[in-house]
Amino acid sequence: MTFLHELNPAQREAAQAVNGPVMIIAGAGSGKTRVLTYRIAHLIDCGVSPGEILALTFTNKAAREMKDRIVRLVGEKTMGLWMGTFHSMFARVLRKECTKIGFTPTFTIYDSEDSLNAIRNVMSLMGISPQQTPPQLLRSLISGAKNQLLTPAGYAERARDAVEEQAAEVYRMYERHLERSNAMDFDDLLVRPTQLFTRHPEVLQRYQHRFKFILIDEFQDTNRAQYHVVKLLSARFRNICVVGDDAQSIYAFRGADIRNILDFARDFPDCQTFRLEQNYRSTRAILEAADRLISKNVERLQKNLWTENGVGEPVEVIECLDDRGEGHAVVQMVQKETAHQKHQLSDIAVLYRTNAQSRAIEDELRRSGIPYVIVGGIRFYERKEIKDVLAYMRLLVNARDTESLLRVINYPPRGIGETTLEKMSAHAKAREITLYDALMNSDEIPGLTDRARANLGQFRLMLEKYTYLQGEMSFAELIRSLVDELGILRMFKTEATPESISRWENVQELLSAITEFQEQREGATLEQFLEEVTLVSDVDAWEGTSNAVTLMTLHSSKGLEFPVVMITGLEEGLLPFYSATIDRPALEEERRLTYVGMTRAKEKLYLSHARMRYRFGEPATPGPSRFLSEIGTENVEVREGGYVGRAYAGGNGRRQKTSTRVQRESIDPLPDYESESQEVLEIRRGAMVRHETFGRGTVIEVHGSGDARKAVVKFEEGGVKNLILKFARLRPG
């Protein structure tokens with residue numbers, strides 16, 4: 001166990017506390033993953049069988065990295081260790097035990113899109129208009145109920161208004177739909193194990209004996225369902241170790257409950273508590289600014305982060321004219337940080353609160369020829385052409401999967417239209433059978449044309465053929481043969497558009513992924529492949545190996561680190577995010593989210609905001625985020641970036657002089673030009689003007705000088721335009 005000497009005293013003490021409940025409060029950059037890894041290695045070194053350890057993480061990426069580290073510490077003795085995400089580990093349990101709760105081991109796992117489609121189908125059967133009640137709202141309410149372990153009946157009892165009453169009824173029908181389809185959604189992978197263990201105590205006892213040691217990473221992100229199921233599992237031996245940081249609890253919108261970590265000591269009064277407070281990641285300037293911010297939260301566990309790292313460069317606050325100016329400020333930052341090989345592009349991350357903010361940043365990066373990657377865009381396995389092929393695969397594994405059947409029954413087009421599907425669905429509902437059963441007996445469906453029956457028969461024969469062939473060839477060969485017969489690749493090649501060629505490449509990549517999966521795993525099955533691609537996350541798919549700037553939301557950045565980080569959009573209403581007002585719990589979560597972003601930075605942190613930003617198609621002029629004043633002024637610099645900068649917190653921040661003219665003139669590289677020069681009016685902000693083409697408008701901003709002087713004008717009919725005054729022919733309005 002000499003490897004324990006590689007830990008600092010606080011880390012070593014936490015890793016060696018083997019028996020009983022343990023809570024490790026690990027501040028940002030304090031080595032929590034290292035402690036969790038060494039703790040597991042210590043358990044194995046002490047003679048605990050790896051098969052008796054259940055280690056739960058929130059990303060597959062984290063699980064892989066931890067397992068690799070453990071192997072380096074104790075060798076191949078890790079065989080049998082259960083380590084992975086909550087969803088993947090409990091999906092594994094359910095595959096073994098689900099027959100006891102009415103499912104078969106080939107059940108389908110519905111992702112968010114599949115779940116939403118299922119809810120739409122339920123609403124259609126119930127006669128609920130999606131215009132009157134958005135399906136996304138009902139899905140969110142149902143997911144929230146599941147995370148609280150509420151059954152449809154239990155949720156109905158708590159319903160506070162007509163919408164929740166309606167959601168409870170849809171929830172009830174949705175559950176029946178899932179059961180008939182032999183399918184579970186993401187939430188079920190946490191709810192169904194609780195049902196399993198509660199209804200079958202003998203199964204619970206078996207798993208309690210199996211998992212004598214339970215460790216949970218990122219405990220602050222667990223919801224009530226996750227906490228409840230691990231409490232059930234740990235009740236016998238009580239060897240539960242949770243590691244987390246309340247200051248990084250940022251997933252309330254997914255059902256995460258900060259009370260789990262705040263109340264753990266009350267639930268386990270004999271727990272040992274350890275605090276990891278030494279930060280190894282960030283400079284003192286970054287850490288102290290982040291600490292000043294998070295100290296404004298009321299609901300938090302006490303800890304005092306410190307670092308032996310140097311002060312480093314000041315945190316830089318940049319005020320920009322608008323979101324395009326902010327994009328230009330990002331470009332300037334990248335150019336500055338990569339000058340003279342100071343940093344690689346891959347060392348830099350640009351973070352934002354909402355995905356929509358990336359558009360202006362991407363535009364400026366493209367114009368400047370700076371390569372970038374986006375984490376959290378349309379993931380590979382969510383592209384339409386990929387989901388179409390996956391739906392065929394899922395249908396071969398689970399014939400009762402209604403959503404997959406509906407997706408592919410007329411793709412590629414085979415003459416099975418909406419009228420035929422409506423008659424099939426009505427027949428299935430009247431007989432209380434699945435849509436697949438209706439397909440298998442399509443001759444009994446009344447009202448179908450001979451052509452429709454023939455088309456359904458051909459589709460049925462194809463499915464039966466490939467269901468039979470599953471036992472005759474490898475699943476990689478099976479899917480390649482299926483794709484060839486469907487003619488999808490030929491169809492994309494025939495279209496010969498850039499988009500269709502891209503889709504052709506994507507399907508080929510999917511076939512390669514299937515082959516690689518089969519070659520790398522002994523005894524690999526189609527079910528295992530489908531489960532892995534369904535549970536993959538944005539961060540799991542990101543490797544960070546290409547030399548490009550990384551763009552991602554603040555939520556996606558959790559668990560990562562970069563030498564240089566720029567957080568954009570620090571404006572009221574955007575960060576913190578709210579529409580009209582915001583209550584204290586929501587504000588504290590937004591503050592924690594900003595704290596998470598700040599503590600991703602190792603060497604340099606930039607914070608930016610814009611005076612004007614387009615939101616929902618309209619220009620808005622939000623004020624700077626309150627978080628900018630809360631970070632204080634020590635080791636903080638404020639500078640211009642498209643608009644004259646202002647110091648915060650009484651003007652004590654240090655101001656860095658920059659060339660305002662150069663920055664302002666490069667904000668709008670594509671203005672609206674007119675063909676002839678004219679004598680320029682003296683135009684000020686707020687003036688009413690008139691344009692020959694765009695009509696009457698209000699001047700929002702004026703900047704630049706001489707021939708390059710410009711105005712941003714919001715026209716009553718023409719929208720907002722950026723005009724060079726020398727050519728604009730503006731008249732008093």
message: Counting neighbours of CD on Glu432 that are heavy atoms of other residues, nucleotides or ligands and sit closer than 6.0 Å, is the number greater than 12?
response: no

query: For residues Arg503 and Asn506, is any side-chain donor paired with an opposing acceptor at under 3.5 Å?
result: no

- request: Would you kindly say whether Glu477 and Ser474 are connected by a side-chain donor-acceptor distance under 3.5 Å?
  value: yes

- prompt: Do you see a donor-acceptor pair shorter than 3.5 Å between the side chains of Thr354 and Gln357?
  reply: yes

message: I'd like to know whether Phe90 forms a side-chain contact (heavy atoms from CB on, under 4.5 Å) with Leu196, so could you lay out the CA-CA distance, the side-chain angles of the two residues, the decisive distance to 0.1 Å, and finally the verdict.
response: CA-CA 11 Å; Phe90 285 107; Leu196 170 71; over 6 Å; no

task: State whether a side-chain donor-acceptor pair under 3.5 Å links Arg366 with Tyr372.
output: yes

- prompt: Side-chain donor-acceptor pair under 3.5 Å between Asp401 and Tyr110, yes or no?
  reply: yes

task: List the steps and the verdict of side-chain contact (heavy atoms from CB on, under 4.5 Å) for Ile53 and Ile44.
output: CA-CA 9 Å; Ile53 300 172; Ile44 295 171; 3.9 Å; yes

field: Considering all heavy atoms, the nearest Thr37-Arg69 contact
entry: CG2-CB, 3.4 Å

- prompt: For Ile514, which of Leu526, Val483, Ile479 qualifies under side-chain contact (heavy atoms from CB on, under 4.5 Å)?
  reply: Ile479

message: Ignoring hydrogens, what is the shortest heavy-atom contact between Val230 and Phe86? Give both atom names and the distance.
response: CG1-CE2, 3.9 Å

field: Check ion pair Arg64-Asp68 (N to O, under 4.0 angstrom)
entry: no

statement: Taking every heavy atom of Ala91 against every heavy atom of Leu189, the minimum-distance pair comes out as CB-CD2, 4.1 Å

task: Would you confirm whether Gln208, through its side chain, and Leu232, through its main-chain N or O, come within 3.5 Å as a donor-acceptor pair?
output: yes

- prompt: Are Lys558 and Asp221 within salt-bridge range, i.e. N to O under 4.0 Å?
  reply: yes

query: How far apart are the C-alpha atoms of Phe219 and Asn260, what are their side-chain angles, what is the distance that settles it, and do they pass the side-chain contact (heavy atoms from CB on, under 4.5 Å) test?
result: CA-CA 8 Å; Phe219 184 62; Asn260 292 349; 4.0 Å; yes

message: For the residue pair Lys96 and Tyr207, would you count it as a cation-pi contact if the rule is NZ or CZ under 6.0 angstrom from the ring centre and within 45 degrees of the ring axis?
response: no

Backbone of Ser112 reached by a side-chain donor or acceptor of Ser115 within 3.5 Å: no

message: Salt bridge or not between Glu202 and Lys100? Use side-chain N to carboxylate O under 4.0 Å.
response: no

message: Tell me whether the NZ or CZ atom of Arg95 lies within the 45° cone about the ring axis of Phe107 and under 6.0 Å from its centre.
response: yes

- prompt: Do Asn147 and Arg224 have side-chain N/O donor and acceptor atoms under 3.5 Å apart?
  reply: no

- prompt: Would the number of heavy atoms belonging to other residues, nucleotides or ligands and lying under 6.0 Å from CZ of Arg453 be above 12?
  reply: yes

- prompt: Do Ile409 and Leu456 have side-chain heavy atoms sitting under 4.5 Å apart?
  reply: yes

message: Quick test of your reading of the model: are Glu179 and Arg192 salt-bridged, counting only N-O distances below 4.0 Å?
response: yes

query: How are the rings of Tyr155 and Tyr171 set to each other: parallel, tilted or perpendicular (split at 30° and 60°)?
result: perpendicular

- request: Determine the interplanar angle of the Phe211 and Trp82 rings, folded into 0 to 90°, and report it as parallel if under 30°, tilted if 30 to 60°, perpendicular if over 60°.
  value: perpendicular

- request: Determine, for Arg407 against Glu113, whether the closest basic-nitrogen to carboxylate-oxygen distance falls under 4.0 angstrom.
  value: yes

- request: Test Val93 against Met89 for side-chain contact (heavy atoms from CB on, under 4.5 Å), laying out the working first.
  value: CA-CA 7 Å; Val93 171; Met89 291 297 97; over 6 Å; no

- prompt: Can you tell me how far CZ of Arg120 sits from OH of Tyr174, rounded to the nearest 0.5 angstrom?
  reply: 12.0 Å

query: Is there a donor-acceptor pair closer than 3.5 Å between any side-chain N or O of Asp111 and the backbone N or O of Asp114?
result: yes

field: Asn355 side, atom CG; His555 side, atom NE2 - distance, nearest 0.5 Å
entry: 11.0 Å

task: For the residue pair Glu65 and Thr33, confirm or rule out a side-chain donor-acceptor distance under 3.5 Å.
output: no

- prompt: Does any N or O in the side chain of Asn182 come within less than 3.5 Å of the main-chain N or O of Phe103, such that one atom is a donor and the other an acceptor?
  reply: no

message: Using a 3.5 Å distance criterion without hydrogens, assess whether the side chain of Asn398 forms a donor-acceptor pair with backbone atoms of Ser181.
response: yes

message: Checking Glu403 against Asn121: is there a side-chain donor and acceptor pair closer than 3.5 Å?
response: yes

